[in-house]
Amino acid sequence: MTLNTHYNKPTLVLNNNQKVHGKTAWRSPSNIALIKYWGKKPGQIPCNASLSFTLSEAHTNTYVEYSNRQNQAAWIDFKFEGSPEPTFAAKIEKFFRTIADIFPFLEQLSFKIESDNSFPHSSGIASSASSMSALSLALCSIESALFGTLDSPQEFYKKASYISRIGSGSASRSVYPYLGAWGVTDRIAGSSDLYAVPYVDVHESFLSFHDDVVIVSADKKSVSSTAGHALMNSNPFARTRYEQAKANLSKLVHVMKTGDLTEFGKIVEDEALTLHALMMCSDPSFILMKPKTLECIDRIRRYRAETKAPIYFTLDAGPNVHVLYPEEYANAASAFIATQLEPLAEGGLVIRDQVGKGPMKIESA
Ligand code: PMV
């Protein structure tokens with residue numbers, strides 16, 4: 001893949017005799033999209049702009065140790081939660097080759113990478129956003145340590161977001177606190193298709209919003225995101241969808257400033273159901289919701305109609321239900337979730353999460 005980037009820097013190479021050995025580690029969170037990215041163009045360019053809450057509890061820790069590459073040693077030695085993971089290692093190798101024009105020094109080093117997630121591996125929570133952003137942040141730290149570059153935080157996170165995007169589109173949004181926006185839109189100054197930007201011009205209630213994830217099924221996704229995005233190329237509603245996403249983003253930007261929760265919920269639920277509707281009418285068609293997903297949605301809507309509490313849902317590309325509500329309703333929502341939604345969850349698993357402060361550098365192991 002040719003990268004249309006101003007980040008290609010052939011000068012970021014080590015001198016012949018330069019001895020290097022160092023460590024870095026980052027914790028980076030998952031995110032949940034309010035306006036969904038579904039459909040992309042070559043080069044990992046989104047067909048519409050998206051906006052997400054950065055989470056806090058669901059995160060990946062990635063520890064990277066690097067030194068001069070030795071011919072006989074493995075280029076990348078990767079362990080996930082203490083055990084070798086050849087499938088992930090192969091993905092990382094592919095990713096490193098893709099970004100070799102941006103970080104030419106990667107090919108001069110060998111790496112020991114260890115990673116772990118805060119959420120159970122078999123919870124059905126996607127880890128690509130948290131893991132790709134944690135790794136990209138670590139690579140930017142290595143660039144900075146070796147070449148003295150990326151010294152302004154703004155430049156650092158912009159590049160980390162750019163690199164994350166190449167690994168997994170939605171990961172580009174995880175590098176910012178509270179909310180991230182990715183994709184060009186005239187509603188958000190500085191927005192780009194190449195990297196996400198921080199988005200915090202919102203009513204304060206959104207900075208502490210809750211997102212409790214009801215694990216309806218912990219099974220592995222039946223459609224990968226790569227295959228899912230590709231289905232949009234032949235989806236008969238694709239054009240209408242991109243217009244709808246644009247209109248929804250426009251409305252949401254306004255609503256999040258005013259703090260109008262009713263409108264917020266309407267847009268966010270519309271986005272979730274549209275994502276699934278698009279999958280249902282793709283060829284081949286996928287139904288990722290389970291009967292219990294619909295039961296959760298029904299109970300949330302009934303509870304809201306009865307109590308007027310601003311409790312909403314959104315969905316990722318899977319069956320699990322993300323329950324969104326503001327901090328003032330935390331007690332009421334917790335009781336509702338415990339009595340009415342937990343019994344629908346596989347093994348009673350509900351992952352309690354909240355909008356968070358973004359990634360952080362952690363102590364190297
Ligand atoms: O980043 P990807 O390629 O895994 O795509 C993510 C797509 C959704 O999670 C369904 C929506 C989104 O914007 O996060």
Side-chain angles (χ1 to χ4, degrees), residues 1 28-55 58 60 88 91 94-95 98 119 124-136 161-176 179-185 188 191 193-197 199 211 213 220-233 235 238 241-242 244-246 248-249 252 267-280 282 286-289 293 313-322 324 353 355:
M1 180 168 60
S28 190
S30 184
N31 67 70
I32 180 70
L34 305 173
I35 301 293
K36 309 290 182 186
Y37 145 60
W38 198 241
K40 64 178 169 186
K41 300 179 220 165
Q44 202 82 318
I45 299 300
C47 291
N48 63 267
S50 57
L51 181 67
S52 58
F53 276 144
T54 301
L55 299 176
T60 298
F88 286 4
K91 270 193 191 163
K94 189 169 165 224
F95 176 52
T98 311
F119 43 93
I125 301 253
S127 61
S128 63
S130 54
S131 59
M132 276 302 168
S133 54
L135 182 58
S136 302
S161 176
Y162 185 106
I163 302 297
S164 303
R165 174 200 115 242
I166 295 166
S168 162
S170 58
S172 64
R173 301 183 306 240
S174 272
V175 308
Y176 298 113
L179 290 118
W182 171 45
V184 170
T185 161
I188 300 175
S191 58
D193 282 345
L194 300 177
Y195 48 84
V197 292
Y199 183 70
D211 173 17
V213 194
K220 213 178 155 302
K221 285 205 273 185
S222 57
V223 58
S224 71
S225 348
T226 310
H229 290 292
L231 291 174
M232 285 301 280
N233 297 336
N235 188 299
R241 159 59 191 158
Y242 303 137
Q244 176 208 31
K246 196 171 169 194
N248 274 349
L249 181 74
L252 190 66
I267 299 165
V268 166
E269 293 190 354
D270 181 40
E271 280 290 307
L273 295 175
T274 298
L275 172 70
H276 283 259
L278 289 164
M279 279 185 260
M280 286 196 253
S282 288
F286 288 94
I287 302 179
L288 301 186
M289 290 186 286
T293 310
F313 69 86
T314 186
L315 305 163
D316 221 331
N320 301 327
V321 180
H322 289 246
L324 302 173
D353 213 332
V355 169

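Counting starts at 1 for both ligands and their atoms, following the listed order.
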side-chain contact (heavy atoms from CB on, under 4.5 Å) with S136: which residues, sequence neighbours excluded?
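In terms of side-chain contact (heavy atoms from CB on, under 4.5 Å), with neighbours along the sequence ignored, S136 is linked to F95, I163, S164.
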With S225 via side-chain contact (heavy atoms from CB on, under 4.5 Å) - residues at least two apart:
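With neighbours one apart ignored, the set is K221, H229.
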Region of R173 engaging ligand 1 - heavy atom pairs below 4.0 Å:
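Near ligand 1, R173 shows its side chain, while the N, CA, C and O stay back.
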Is ligand 1 under 4.0 Å from a heavy atom in the side chain of A33, in the backbone, in both, or in neither?
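Under 4.0 Å from ligand 1, A33 contributes side-chain atoms alone.
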For the CG atom of L324 and the CD atom of E269, what is their distance to the nearest 0.5 Å?
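Reported value, rounded in 0.5 Å steps: 8.5 Å.
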To the nearest 0.5 Å, what is the distance between OH on Y242 and CE on M232?
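The distance works out to 3.5 Å.
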Per-atom contacts, ligand 1 versus [X] - under 4.0 Å to a heavy atom:
X: G169; answer: 1 (O)
X: H229; answer: 2 (P), 3 (O), 5 (O)
X: D316; answer: 8 (C), 9 (O), 10 (C)

Short N/O distance, under 3.5 Å, between [X] and ligand 1?
X: N31; answer: no
X: S168; answer: yes
X: W38; answer: no

Protein heavy-atom partner closest to atom 11 (C) of ligand 1 - residue, atom, separation in Å:
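It is Y37 O, 3.4 Å.
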To check your reading of the model: name the closest protein heavy atom to atom 4 (O) of ligand 1, its residue, and the distance in Å.
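Of the protein heavy atoms, S225 OG, 2.7 Å lies nearest.
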Is it true that Y195 and W182 have ring centroids separated by less than 6.0 Å?
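Ring-ring flag for Y195/W182: false, centres at least 6.0 Å apart.
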Compute the minimum heavy-atom distance from K40 to ligand 1 and say whether it is under 4.0 Å.
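Checking ligand 1 against K40, which is what was asked, there is no heavy-atom contact under 4.0 Å.
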For D270 and Q244, test the side chains for any donor-to-acceptor distance below 3.5 angstrom and give the result as yes or no.
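Checked: D270/Q244 side chains pair up, N/O donor to acceptor below 3.5 Å.
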Checking T60 against S130: is there a side-chain donor and acceptor pair closer than 3.5 Å?
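S130 vs T60: donor-acceptor pair found between side chains.
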Could you walk me through whether S174 and N31 pass the side-chain hydrogen bond (donor to acceptor under 3.5 Å, both in side chains) check?
CA-CA 6 Å; S174 272; N31 67 70; 2.9 Å; yes
